[in-house]
Protein chains: 2
Amino acid sequence: MDDHATEAEFEHLLRSADLRVTRPRLAVLRAVRRHPHADTGSVLAAVRSEEPTVSHQAVYDVLGALAESGLVRRIQPAGSVARYELRVGDNHHHVVCRSCGVVADVDCAVGVRPCLDASDTHGFVVDEAEVTYWGLCPACSTDTAT
Amino acid sequence: MDDHATEAEFEHLLRSADLRVTRPRLAVLRAVRRHPHADTGSVLAAVRSEEPTVSHQAVYDVLGALAESGLVRRIQPAGSVARYELRVGDNHHHVVCRSCGVVADVDCAVGVRPCLDASDTHGFVVDEAEVTYWGLCPACSTDTAT
DNA sequence: CCCCTTTTCTTGAACGAGTCAAGTTTTTCC
DNA sequence: GGAAAAACTTGACTCGTTCAAGAAAAGGGG
């Protein structure tokens, strides 16, 4: 993996979002790339394996700034803490395991927001349709079956 | 409104779910009927206007038991606390205001779960497709526009 | 290359929704 | 009416997240 190239890419992403390039931010981007759908705690742990002095508050701030700029996407299935992923811009969806909470990506047939039209939105101006599929992951469904 | 009839209906609902009929449970059902999409705090307040001695823990327990039995539905849009509604069984969806958080119902064209098929669920056994429409409610969109 | 301004990060306290646990009360069935 | 099981009260507690104040670092102009 060409880490130098992606490092430069991350720098460019940050600058184009008017965000300063800092070690904590680069470490968070690397962590989210390596651990898709990780929660804040996991991101913090991954960040600290490279940058041990980064505070938990910095990770919250960074994830918030990146999410607001659209560089990462924040998802929060019911009953779960916030999770983050680097894959943005394709409006894909997620399937969540009711038992263990693990998350996987599901491609959106349409790919642009909003991919669904609501019948009657009561005057709301809708810009996104978020789909969450609920069920059991392969591991949990075999546990239950036997 | 024929309160006695619906009261008997609530009793029947509880009994058919193998749940004992108690004053806190009836009060919670009335509160959720009167305040669709209310969070736990609002349900607690509504319950206490009729039954001032009900504890907050009882409301958590009751809402949990009712949700598990399928008598109420729990929803939790990202960034929101848990909310509850009596309308169950039709797999309808929700539109949520990004600005003020207010929730409204959106009918599902299909009406039975799961109403959408995922392209590739990575081996997950999917039983529900939950759709959340995001946008601005009428009040917030006019505030922003002007 | 250095300084200044602004942004970002560290530290540490605080908040709030939700949960846990022990003991008491209420419901239901016989 | 009495026993067993379920539900409720009370109060402490957890944990993800946020708030606030000051220190550090990034980036642009001289």
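Proteins come first, then strands; the chains are lettered A, B, ... in the order of their sequence lines, and each starts at number 1.
- Fit an axis to the five pairs at each end of the helix from C:dC1-D:dG30 to C:dC30-D:dG1 and the two axes sit 40° apart, to the nearest 10 degrees.
- Heavy atoms only, all atoms of each residue included: B:L136 and B:S99 are closest at CD2-CB, 3.8 Å.
- At least one side-chain heavy atom of A:L14 sits under 4.5 Å from a side-chain heavy atom of A:L29.
- Contacts between residues 51-82 of chain A and DNA chain C, defined by a heavy-atom separation below 4.0 Å, involve A:T53, A:V54, A:S55, A:Q57, A:A58, A:V62, listed by number.
- B:C97 SG to B:W134 CH2: the interatomic distance, rounded to the nearest 0.5 Å, is 9.5 Å.
- Not a single ring pair (Phe, Tyr, Trp, His ring centres under 6.0 Å) links B:H12 to another residue, sequence neighbours left out.
- A:Y133 is linked by a ring pair (Phe, Tyr, Trp, His ring centres under 6.0 Å) to nothing, counting only residues two or more places apart in sequence or in another chain.
- Contact detail for B:L71 and B:V88: the closest heavy-atom pair is O-CG1, 4.0 Å.
- B:E85 pairs in a side-chain hydrogen bond (donor to acceptor under 3.5 Å, both in side chains) with only one of the listed residues (B:H35, B:H94, B:R74, B:R33), which is B:H94.
- With a cutoff of under 4.0 Å to any heavy atom of chain A, the contacted region of DNA chain C is bounded 5' to 3' by C:dT6 to C:dT11.
- Residues of residues 15-29 of chain B that place a heavy atom closer than 4.0 Å to DNA chain D, in numerical order, are B:L19, B:R20, B:T22, B:P24, B:R25.
- When all heavy atoms are compared, the tightest approach of A:V54 to A:R48 is O-NE, 2.8 Å.
- Screening A:E51, A:E50, A:E11, A:E7 for a salt bridge (charged side-chain N to carboxylate O under 4.0 Å, His left out) involving A:R23 leaves a single residue, A:E51.
- A donor-acceptor pair is defined here as one N or O able to donate and one able to accept, closer than 3.5 Å; such a pair exists between the side chain of A:S141 and the backbone of A:C137.
- With A:R73 contributing its side chain and A:Y84 its backbone, the two residues share no donor-acceptor pair below 3.5 Å.
- B:H37 and B:D105 share a donor-acceptor pair across their side chains, judged by distance under 3.5 Å alone.
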